[in-house]
Amino acid sequence: MVFCKDCKKRVEDCPHFVYPIEAPCVSVFDPKIETLAYSRDQRILQIKFKTGQVWQLFDVEPMIYDELRDTTISSF
């Protein structure tokens, strides 16, 4: 179970919870990362880890996503 560091509630119950972005998920070559998704309109990078955690990073430049998506080495 994962808890929010700000409100100490379960992530699913906290007001800081965000929904997945509507963008295609792309598999990447990385031992820790399962998929990447990127919303160019909102400039949000979504990273799904093989542990099940999902992170969203805001205000990410498109070229950073492109580079991460196209890399063939472990980048994380």
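We use all heavy atoms of the structure for the numbers below, so side chains are in, but hydrogens, waters and symmetry mates are not.
Q42 is linked by a side chain to side chain donor-acceptor pair (under 3.5 Å) to S39, counting only residues two or more places apart in sequence or in another chain. In this structure, D41 has no salt bridge (Lys or Arg N to Asp or Glu O under 4.0 Å) partners at least two apart in sequence or on a different chain. For Y19, the ring pair (Phe, Tyr, Trp, His ring centres under 6.0 Å) partners are F17, not counting sequence neighbours. Evaluation of the side chain to side chain donor-acceptor pair (under 3.5 Å) rule for T35 yields no partner, not counting sequence neighbours. Listed by chain and number, the residues in a side chain to side chain donor-acceptor pair (under 3.5 Å) with R43 are D59, E61 (sequence neighbours excluded).
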(request) Check the pair V26 / Y65 against side chain to side chain contact (heavy atoms under 4.5 Å, CB included), numbers first and verdict last. (result) CA-CA 11 Å; V26 177; Y65 166 70; 3.5 Å; yes

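A side-chain donor-acceptor contact under 3.5 Å links Y38 to the backbone of V60.
Between the CZ atom in R10 and the CZ atom in F3 there is a gap of 7.5 Å [rounded to 0.5 Å].
A salt bridge links R40 with D66: the closest approach of a Lys/Arg side-chain nitrogen to an acidic carboxylate oxygen falls below 4.0 angstrom.
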Tell me which donor-acceptor pairs under 3.5 Å the side chains of residues 44-53 have, and how far apart each pair is, sequence neighbours excluded?
residue: Q46; atom: OE1; partner: I21; partner atom: N; Å: 3.1
residue: Q46; atom: OE1; partner: Q56; partner atom: NE2; Å: 2.8
residue: K50; atom: NZ; partner: D30; partner atom: O; Å: 3.0
residue: T51; atom: OG1; partner: Q53; partner atom: N; Å: 3.4
residue: Q53; atom: OE1; partner: W55; partner atom: NE1; Å: 3.3

